[in-house]
> 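After the C-alpha cells below, expect a handful of questions from me.
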There are 2 protein chains.
Amino acid sequence: MATLADVARHAGVSTATASRIINGSPKPVADALRTRVLAAVAELKYVPNAHAQMLARSHRSAVGVIVHDVSDPYFAEITRGLQRVATADGRLVIICNSFREPDRELEYIDLLHAHQVAAIVIAGSGYLDPATAARLDDRLRAFEATGGRIAVIGRHEHTGDAVLPDNEQGGYLAGSHLLELGHTEIAVLTGPTPLTTTFDRLKGLQRAARKFGARIPAARIHAADFTRDGGEAVAAQLLAEHPSVTAIAALNDSMAVGTLAALRATPDRRVAVIGFDDMPIARDVTPALTSVRLPLTELGERAMTLALGTAGDAPRVERVKVELIVRQSTWPR
Amino acid sequence: MATLADVARHAGVSTATASRIINGSPKPVADALRTRVLAAVAELKYVPNAHAQMLARSHRSAVGVIVHDVSDPYFAEITRGLQRVATADGRLVIICNSFREPDRELEYIDLLHAHQVAAIVIAGSGYLDPATAARLDDRLRAFEATGGRIAVIGRHEHTGDAVLPDNEQGGYLAGSHLLELGHTEIAVLTGPTPLTTTFDRLKGLQRAARKFGARIPAARIHAADFTRDGGEAVAAQLLAEHPSVTAIAALNDSMAVGTLAALRATPDRRVAVIGFDDMPIARDVTPALTSVRLPLTELGERAMTLALGTAGDAPRVERVKVELIVRQSTWPR
DNA sequence: ACGGTCTAGGAAAGCGCTTACCTAGGGGTT
DNA sequence: AACCCCTAGGTAAGCGCTTTCCTAGACCGT
C-alpha cells in the first residue's frame, strides 16, 4: 500500500509538498515538482488513506442515513431524494438499515457518530414506547453535542430539525373518502403497533369515522408488518373473519397490494381498498390503487437539505402535506 | 468531543488501560479500574473515533458496494442479500450508486479504496466498450494490489471472483417460450446498449430465433433505459410503429411493467409480454408477468460471501441458473 | 554591494487511537 | 531472607495525513 511518504520519496520532495500538490492547496508550487509528484502518484497508484485524512483535518464530510430497510420501495424513494442532495453537495452517504429494531438503530447512531459523519438523517417511524424513544434521543443528543447535525423524517417525538408528513391528516383523508363512498363496515390493516406512523394514521382514520358518527371497532383493526406478504396473509384472515366488510384501509401500499392479492384469491368478495404512500407500484396493479400520496423523494430531499444547512437557533420543522389520489380500487358501496 | 485521553484522565488511568478496557482486550485489568473507566465513558458520553481506530489498527473492516441505483428494485433485492451477509459478519456496508455512469463508478472505486474497505462488490452490468472496461479494471487491480478483495455480480469482463447469472441463457429461454407459443413477430425492448446485460440477453434471444430459423430484425429492437417509464414510452412508440407485433420481450421487468401500461392505453392491441428478473412486482401486475427469474437476493448473498471469504488462488466464478416463470402475460398466438 | 522583503519548500507537531515493550511491585520458591 | 518470575499498568512509538511555522535563497531597491 503506497503512502504519501512513498510518493514524496519517489518524487524527491517532502510529504508537505506532496500533500499540497495532491490536494490542490492554494500554496504555489513549482511546475517541475508538481509534474514529478503527479507522475509518482500515477506510477505508484497512490490513493490517499481517507481515515488518515479525516483524522488530520478533523473536519466531517460524510453523512449517515438510517432507514428501516432500503430495499423497501418506500425507503428506497426517500433514500433517492436523500442521496441526490448529499451527492450534489459532494458527500459520501452511509446507509444503514435498522430493520425496525430500536437496538440496531441505537448501534448505528453510535457507529455513525464514531465515523464522524457531519449529519445523521433518520427516516422512518419513531417508537411509541417512551423508554425506547428516550434511549434513542439520548444517543442523538450525545451526537449533537459534538457538533453533529440531525434531521428526522416523520418522527415527531424528536425535537429537532424534522420533516413531518401529516400522517394523521392522511388517515383522515383515507377514512373520509371511504365513508363518503358509503362504506360503513371498514376494516383496517395496520403496521406494527409500536410505531408512531401506525398510531397517527389510525388516529386520522378514527377522526374521520367520528365525523360520520361512527367508530372503527378494534375487532376490525388487524396489525400486520407493512410488507406485501404480511398484508396478504392478514387480509386473507380478515376477509374470512368479517364477511360484511366492504372496504379495507391498508396503512401502506405494500400491504394494500397484498390485500389485492388476497382479494384475487376470493373472487366472490368485492371489497374496496385504499393504500397509503402512493408508491410507484400503485398505478400498475389492477385495480390501480387509490392511495394517500406522500411525496417520498421530496421528503428525502428536504430532510437532507435541513441536515446539511447551517444549524439554526431553533429546530426547524417542515410539515409536508399529503394528498388523496383516487384510482380504481375504491368505489361507492 | 470527548477523546480517549479525556476518559483516561477522568478515570485516573493511562490511555493504554482505558483502550484495553473499552475494547475488551484479553489483557487482565483490575475490576476497580474497569468500573471507573466504564463510568467515565458513560459520563463523558465517549464514542471512539472510528477513523483513529482504523488508522491505528490498520485492519480493514467495512465493505463497499457499488450498484447502479439502490432504489431500483432490482438492485434493492441484490443489496438486501449483500447486506444480510455483511451484517451477519459484523461489517459496515457502504453503498454507492453509480447511476450507470462509468466515471462515477471509477470515482467510487477510489473512494472505497481510500476508505480502506476490506472488499468491494460491484453489482450491475459491465460496459461493452473495451476502453471503459479497461479503465475500470485498472482501478480495481490497484485496489486488489493493496490487499482488497473484489467480487462482481454479472460482469464477465472482469476476471476475478464473480457471480454470473446466465443472461444469455435467460434470453434464450424467453425467446424459445415466445416462439413455441407461435409468436413470430416479436419485438424487443432493450436496456442501454453499452451494457453487457443488454448484449447477453439479446444474444440469447437471437439464438432462440435462429433455432426456429428466424431472426429478430434490428427494426424491431428498441433501446430504452431499464426504467418503467422509459419502457412505457418506448413500448408505446413500438406498438404504433409495428402493428403486426404479437409479443414483446422486455429485457427487464420494470420495462415490462411499462409495456403493460402502454398496452392498457391501447385496448385494441392484444400483445404477449415477457419480462426479465422476476422482481416481486411481477406477480402483482395484471396480467401477472411471465418473466425469466434471477435469484436476486441469492446473487447478493453469494457475491458477498465470496468477497468476505479467504482469497483463493484462482478466481472463483459462480454461475447462477435462471429460470422461466410462466404467468398470465404470455399466451399462444 | 548591502539590507530588506518575498516566496517556495521543508521540518515537525499533532489528529485519536492501539499495542509492543518496559517497569515496578507482589508473591512464590528454596 | 534472597532470589526470580509473573503480572497489572504505564510509556511511547507509530498508523498516514495536514498544516503551522520556519528557513534559506531569490529578488528588489538604493
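Labels below follow one simple rule: chain letters A, B, ... track the order of the sequence lines, proteins then strands, and each chain is numbered from 1.
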> Mapping Thr17(B) and His51(B) onto DNA chain C by nearest heavy atom, which one lands closer to the 5' end?
His51(B)
> Salt-bridge test for Glu107(B) and Arg135(B): reply yes if a basic N is under 4.0 Å from a carboxylate O, no otherwise.
no
> Testing the basics here: between Leu33(B) and Thr17(B), what is the closest heavy-atom pair and its distance to 0.1 Å?
CD1-CG2, 4.2 Å
> Testing Glu77(B), Arg80(B), Arg302(B) for side-chain hydrogen bond (donor to acceptor under 3.5 Å, both in side chains) with Thr297(B), which one passes?
Glu77(B)
> Strictly by ring-ring contact (aromatic ring centres under 6.0 Å, His included), give each pair with a member in residues 2-40 of chain B just once, sequence neighbours left out.
none
> Gly12(B) or Ala52(B): which one's nearest nucleotide on DNA chain D is closer to the 5' end?
Gly12(B)
> Hey, what's the ring geometry for Phe75(A) with His68(A), parallel, tilted or perpendicular (30° and 60° as the breaks)?
perpendicular
> Counting primed atoms plus P, OP1 and OP2 as sugar-phosphate and everything else as base, spell out the protein contacts along nucleotides 20-27 of chain C at 4.0 Å heavy-atom distance: B, S or - for each nucleotide, 5' to 3'.
BB------
> Starting from C1' on dT19(C), measure out to CG on Leu4(B) and report it in whole angstrom.
13 Å
> Let me know, please, whether Asn23(B) or Leu55(A) comes out on the 5' side of the other along DNA chain C by nearest nucleotide.
Leu55(A)
> Would you say the side chains of Thr35(B) and Asp31(B) form a donor-acceptor pair under 3.5 Å?
no
> Indicate, with a heavy-atom threshold strictly under 4.0 Å, whether Ser58(A) touches base, sugar-phosphate, or nothing.
nothing
> Go through DNA chain D in 5' to 3' direction and return only the first and the last nucleotide with some atom under 4.0 Å of chain B's heavy atoms.
dA8(D) to dG16(D)
> Taking atom types as modelled and ignoring hydrogens, do the side chains of Arg60(B) and Thr146(B) form a donor-acceptor contact shorter than 3.5 angstrom?
yes
> Between atom CD in Gln116(B) and atom C1' in dT18(C), what is the gap in whole Å?
16 Å
> Would you call Arg84(A) and Glu301(A) a salt bridge, taking side-chain N to carboxylate O under 4.0 Å as the test?
yes
